[in-house]
> 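What follows is a single structure, and I will ask about it in a moment.
One-based numbering, in listed order, for ligands and for the atoms of each. Note that these values count all heavy atoms, side chains included, but never hydrogens, waters or copies made by symmetry.
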Amino acid sequence: MNSDAAPSHPIVIAGAGIGGLTAALALRRNGHEILLLERAREISEVGAGLQLSPNACSVLNRLGVLDALEPYAYAPDNLRIYSGRSGNELAHVPLGSYVKSRHGNPFWVVHRADLQQVLLQLVRETDGITVQLASTVQELGPSPYDHLLCTYEKEGALEKLECRALIGADGVWSKTRKLVPGHQNARFSGQVAYRTTIPIDKIPDRWRGDSGLWLHRNSHLVHYQIRAGKELNIVALVQEDWEDETWSAKADRETLLHVFKDWPADVRNLIGIPENWLKWALCNIDATGPWTHGHVALLGDAAHAMLPYMAQGAAMAIEDAAILAKHLSGTTDNIPAALRSFERQRKSRAAHIQGIASKNARIFHFSGVPAMARDAVLKYSNPETLTARFDEIYGWTQDQ
Ligand SMILES: Cc1cc2nc3c(=O)[nH]c(=O)nc-3n(C[C@H](O)[C@H](O)[C@H](O)COP(=O)(O)OP(=O)(O)OC[C@H]3O[C@@H](n4cnc5c(N)ncnc54)[C@H](O)[C@@H]3O)c2cc1C
């Protein structure tokens, strides 16, 4: 296979999700032609809220995304942590201006669809990036003419095109992962996220302003405002034996209320307001497994899907995109070596944060004595010390 495929050949990115779109912008800045192939026929508004901590915002800022995103973002002043058993506040973690002055970039919460639309708009306005919908990447192989050939399916037919490399940004149920020998499939965690959004004028005042994290036995609840504060995003995380490869499964509110039967009445009342809930199965992909093979590299969830208990899934995909571009400049001759350097630089951080998220999954869902000990530690913690515990995550920039 020729690693010196003509620089005019594009780099193909599979997946116009958060990581794929960010990678397209970052790689284009480094001189590459980009072809972004997205399986969906249209980019529709599926999903709910995403948290963008300062490490993610630092990348988005450099790519000119932050200004365009600002009208859709919300910057909570604090994260308030509550006991789901007693209803009492246990601690608060300052965010807002405190985090911005500490790390130089904001902590924002957004609707995933708003972030995706803003990225897509910028991608469409950028010469040298082409987006093709309804195109599912199948494989990458050598051609008889010593070039790389990417095969993808469009309208039931197989198409082929020459390219320099293939970046698999096709999410947790990635199919490009099979091009990386030794890859693992997504592993179901036994936990399911129920999600909804509600117009802010439909909820009592007590739910507005700060973000909230409620901890209880085998479940927890997160809420924050999105869409410039116009909607409240609610996520209820529960243990449930249900698995499906979809982001848009309808969920049953009564089932959720049953799981939350011994929660405070005002939380149950909040859960009872929206009629429509979606749910999705939470999966892990071991970040220490292989991410690259020859001219193929995985990024984001395809490489290291993690539980959302540190709210870093999107941030890690965004960080990956910036570091991939750093290693893969337009004049790079040896693409496989550049992809391996990308993998080496990113793997330990992604694995570390994946580990923190899995540890949080256990701590958030403690019961009995461990829960009482956790609550006591939180109660006697200094708020700024709690924020400082996230410095290694939030203080990251691509120059490190
Ligand atoms: C529709 C949708 C809604 C989501 N909603 C939320 C949410 O509300 N909150 C949250 O925390 N996380 C959500 N996520 C997950 C979240 O976006 C990711 O965990 C995180 O942003 C990492 O992004 P990623 O780019 O690695 O993957 P994703 O953002 O999941 O993007 C993957 C993209 O690849 C496309 N794709 C898949 N297979 C192929 C293929 N073979 N060829 C071409 N394209 C392919 C998918 O259609 C998708 O657009 C959602 C993901 C999707 C796809």
> Give the residue, atom name and distance (to 0.1 Å) of the protein heavy atom nearest atom 42 (N) of ligand 1.
V137 N, 3.1 Å

> Examine the proximity of ligand 1 to L37 and report which part, side chain or backbone, both or neither, has a heavy atom under 4.0 Å away.
backbone

> Judging by distance only, is a nitrogen or oxygen of G49 under 3.5 angstrom from one on ligand 1?
yes

> Are K279 and D252 ion-paired here, with the side-chain N under 4.0 Å from a carboxylate O?
no

> Angle class for the H365/Y309 ring planes (parallel below 30°, perpendicular above 60°, tilted otherwise)?
tilted

> Of all the non-hydrogen atoms in the protein, which one sits nearest to atom 12 (N) of ligand 1, and at what distance?
L50 CD2, 3.6 Å

> Could you tell me the residue and atom name of the protein heavy atom closest to atom 24 (P) of ligand 1, and the distance to it rounded to 0.1 Å?
G19 N, 3.9 Å

> Going by the atom numbers of ligand 1, which of them fall below 4.0 Å from some non-hydrogen atom of T136?
40 (C), 41 (N), 42 (N)

> With a 6.0 Å cut-off on ring centres, are H304 and W291 close enough?
yes

> Hey, is R39 touching ligand 1 through its side chain, its backbone, both or neither, going by heavy atoms under 4.0 Å?
both

> Measure from atom 19 (O) of ligand 1 to every heavy atom in I226, V110, L21, D301 and give the option owning the shortest one.
D301

> Rounded to the nearest 0.5 Å, what separation is found between the CH2 atom of W396 and the CD1 atom of I353?
10.0 Å

> Taking only Lys NZ, Arg NE, NH1 and NH2, and the carboxylate oxygens of Asp or Glu, determine whether K154 and E159 approach each other closer than 4.0 Å.
no

> With heavy atoms under 4.0 Å as the rule, classify the contact between D170 and ligand 1 as side chain, backbone, both or neither.
both

> At under 4.0 Å between heavy atoms, is it the side chain or the backbone of R195 that contacts ligand 1, or both, or neither?
side chain

> Please could you name the atoms of ligand 1 that S135 approaches to less than 4.0 Å, counting only its heavy atoms?
42 (N), 43 (C)

> Please work out, at 4.0 Å between heavy atoms, whether the side chain, the backbone, both, or neither of A317 comes within that distance of ligand 1.
side chain

> In the protein, which heavy atom is nearest to atom 27 (O) of ligand 1, and how far is it?
G171 CA, 3.7 Å

> Surrounding CZ of R187 (heavy atoms of other residues, nucleotides or ligands, distance under 6.0 Å), is the total greater than 12?
no

> Tell me the nearest of W247, Y152, W280 to atom 51 (C) of ligand 1, using heavy-atom distances.
W247

> Any salt bridge linking K160 with E153? Criterion: basic side-chain nitrogen under 4.0 Å from a carboxylate oxygen.
no

> For atom 49 (O) of ligand 1, what's the nearest protein heavy atom and its distance?
E38 OE1, 2.7 Å

> Measuring centre to centre across the rings, with the benzene-like ring taken for any Trp, is W247 within less than 6.0 Å of W173?
yes

> Quick one: look up the protein heavy atom nearest atom 8 (O) of ligand 1 and list residue, atom name and how far away it is.
A48 N, 2.4 Å

> Salt bridge check: are R206 and D266 linked by an N-O gap of less than 4.0 Å?
yes

> Tell me which part of S174 gets within contact of ligand 1: side chain, backbone, both or neither, using heavy atoms under 4.0 Å.
neither

> Does F107 have its ring centroid less than 6.0 Å away from the ring centroid of Y394?
yes

> What protein heavy atom is closest to atom 31 (O) of ligand 1, reported as residue, atom name and distance in Å?
G17 CA, 3.3 Å

> Going by an N to O cut-off under 4.0 Å, is there a salt bridge joining D201 and K230?
no

> Would you mind running through ligand 1 and noting each atom that sits below 4.0 Å from a heavy atom of G15?
33 (C), 34 (O), 35 (C), 43 (C), 44 (N)

> Are the charged groups of R349 and D320 less than 4.0 angstrom apart, N to O?
no

> Could you tell me whether E319 and R346 have a side-chain N and a carboxylate O separated by less than 4.0 Å?
yes

> Provide, to 0.1 Å, the distance between atom 4 (C) of ligand 1 and the closest protein heavy atom, together with that atom's residue and name.
R112 CD, 3.1 Å

> Considering only heavy atoms of G300, which atoms of ligand 1 have at least one such atom less than 4.0 Å away?
26 (O)

